[in-house]
J.: 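One structure is given below, represented as structure tokens, and several questions about it will come after.
Side-chain atoms are counted along with the backbone in the values below, which use heavy atoms only and exclude waters and symmetry mates. Along the sequence shown, residues are numbered consecutively beginning with 1.
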Amino acid sequence: MDDLEKVETIRTKCNVSYTDAKAALDATDGNVLDAIIWLESQGKTQTTSAHAATESEPVDEPSAEMVAAQAAYEKSSEKTDFSKKMDSVWEYLKKLFRLSLDTKFIATRRDAIILNIPILIPIVALFAWGATIWLMLIGLFFGMRYRIDSDGDVPGSINNLMNHAANAADDIKQNLNDDK
């Protein structure tokens, strides 16, 4: 190891300048370990020491104040009944939202699918724009049929009700045509 490598080693291990590392090396006749010890004795090193042991030292018991403070913290961080209920409401709303995206509203005309969208969209449209229900009713008179499909359970009564409404619109349309 040449002098430059020794100076670099001392400098990095002791976190000192090149000047201090060279002076320590010169003072110890080129011995790296003696140079590090010499720098420590001069108080020029900026290293932190670490201690490791294989035997555990006895741990002091926490003070009564610490135990009381920890108990108070744990009690304050417990959820209240209200927050527990709000968590369950939030979980239910997330489940309902996922279900509304998985359930499809399908509009057909002459057995061709005209519209296949998540049920959430027509529900929002009903609340946001009141004419939606009227457009759906008018669509019945133009041969539109509506149904709801889902991977989960869709009560058959909903689709039956929509079929009855479509059949009633067809009957009214037929009666109007027969009267002409």
J.: If two hydrophobic side chains count as joined below 4.5 Å and joins carry through other members, does Ile121 share a cluster with Phe97?
T.: no
J.: Is it true that, when you exclude Lys85 itself, more than 12 heavy atoms of the residues, nucleotides or ligands shown sit nearer than 6.0 Å to its NZ?
T.: no
J.: Which heavy atom of Val16 sits nearest to which heavy atom of Thr45, and what is that distance?
T.: CG1-CA, 4.2 Å
J.: Could you measure the distance from the CG atom of Leu33 to the OG1 atom of Thr9? Nearest 0.5 Å is fine.
T.: 12.0 Å
J.: Do Ile123 and Met136 share a hydrophobic cluster (ILVMFWY, side-chain heavy atoms under 4.5 Å, transitive)?
T.: yes
J.: Say whether Tyr18 and Ile36 are linked into one hydrophobic cluster, either directly or through other cluster members, by side-chain heavy-atom distances under 4.5 angstrom.
T.: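 Same hydrophobic cluster.
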J.: With a 4.5 Å limit on heavy-atom distance, are the side chains of Arg145 and Asp170 in contact?
T.: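 A side-chain contact exists here, since the closest heavy-atom pair is under 4.5 Å.
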J.: Between Arg109 and Ile114 (side chain of the first, backbone of the second, donor and acceptor by atom type, cut-off under 3.5 Å), is there such a pair?
T.: no
J.: Does CD belonging to Gln42 count more than 12 external heavy atoms closer than 6.0 Å?
T.: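 Yes, enclosed.
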J.: Kindly indicate, with the supporting measurements, whether the criterion side chain to side chain contact (heavy atoms under 4.5 Å, CB included) is fulfilled by Thr12 and Glu8.
T.: CA-CA 6 Å; Thr12 56; Glu8 184 65 32; 3.5 Å; yes
J.: Which value, rounded to the nearest 0.5 Å, describes the distance between Arg98 atom CZ and Lys95 atom NZ?
T.: 9.5 Å
J.: Between Ile117 and Pro122, is there a side-chain heavy-atom distance shorter than 4.5 Å?
T.: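 Yes, their side chains come closer than 4.5 Å.
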J.: Calculate, to the nearest 0.5 Å, the distance between atoms CD1 and CG belonging to Ile119 and Asp149 respectively.
T.: 10.0 Å
J.: How far apart are the closest heavy atoms of Ala107 and Met144, and which atoms are they?
T.: CB-CE, 3.7 Å
J.: Tyr146 versus Leu115: any side-chain heavy-atom pair under 4.5 Å?
T.: no
J.: Does Ile133 share a hydrophobic cluster with Phe105, counting links as ILVMFWY side-chain heavy atoms below 4.5 Å and allowing steps through other members?
T.: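 Yes; tracing contacts between hydrophobic side chains, which count when under 4.5 Å, links both residues.
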J.: Can you check whether Pro118 reaches Lys104 side chain to side chain, under 4.5 Å on heavy atoms?
T.: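 A side-chain contact under 4.5 Å exists here.
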J.: Report whether Trp134 and Phe127 are members of the same hydrophobic cluster (ILVMFWY, side-chain heavy atoms less than 4.5 Å apart, transitive linking).
T.: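 In one cluster with Trp134: Phe127, yes.
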J.: Between Thr132 and Ala125, is there a donor-acceptor pair closer than 3.5 Å when you use the side chain of the first and the backbone of the second?
T.: yes
J.: Rounded to the nearest 0.5 Å, how far apart are CZ of Arg11 and CG of Leu25?
T.: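 With rounding to 0.5 Å, CZ (Arg11) is 14.0 Å from CG (Leu25).
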J.: Distance check, rounded to the nearest 0.5 Å: Arg147 atom CZ versus Ile106 atom CD1?
T.: 4.0 Å
J.: Is the closest side-chain heavy-atom distance between Met162 and Ile148 below 4.5 Å?
T.: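 They are in contact (side-chain heavy atoms under 4.5 Å apart), so the answer is yes.
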J.: Got Asp2 and Glu5 here, is their nearest side-chain heavy-atom distance under 4.5 Å?
T.: yes
J.: With side chains defined as the heavy atoms from C-beta onward, is the minimum distance between Ile172 and Phe141 less than 4.5 Å?
T.: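 Sidechains of Phe141 and Ile172: in contact.
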J.: Any donor and acceptor pair, going by atom type alone, linking the side chain of Thr103 with main-chain N or O of Ser100 inside 3.5 Å?
T.: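 A pair under 3.5 Å: no.
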J.: Can you measure from CG (Asp26) to CH2 (Trp38) and round to the nearest 0.5 angstrom?
T.: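 Those atoms lie 9.0 Å apart.
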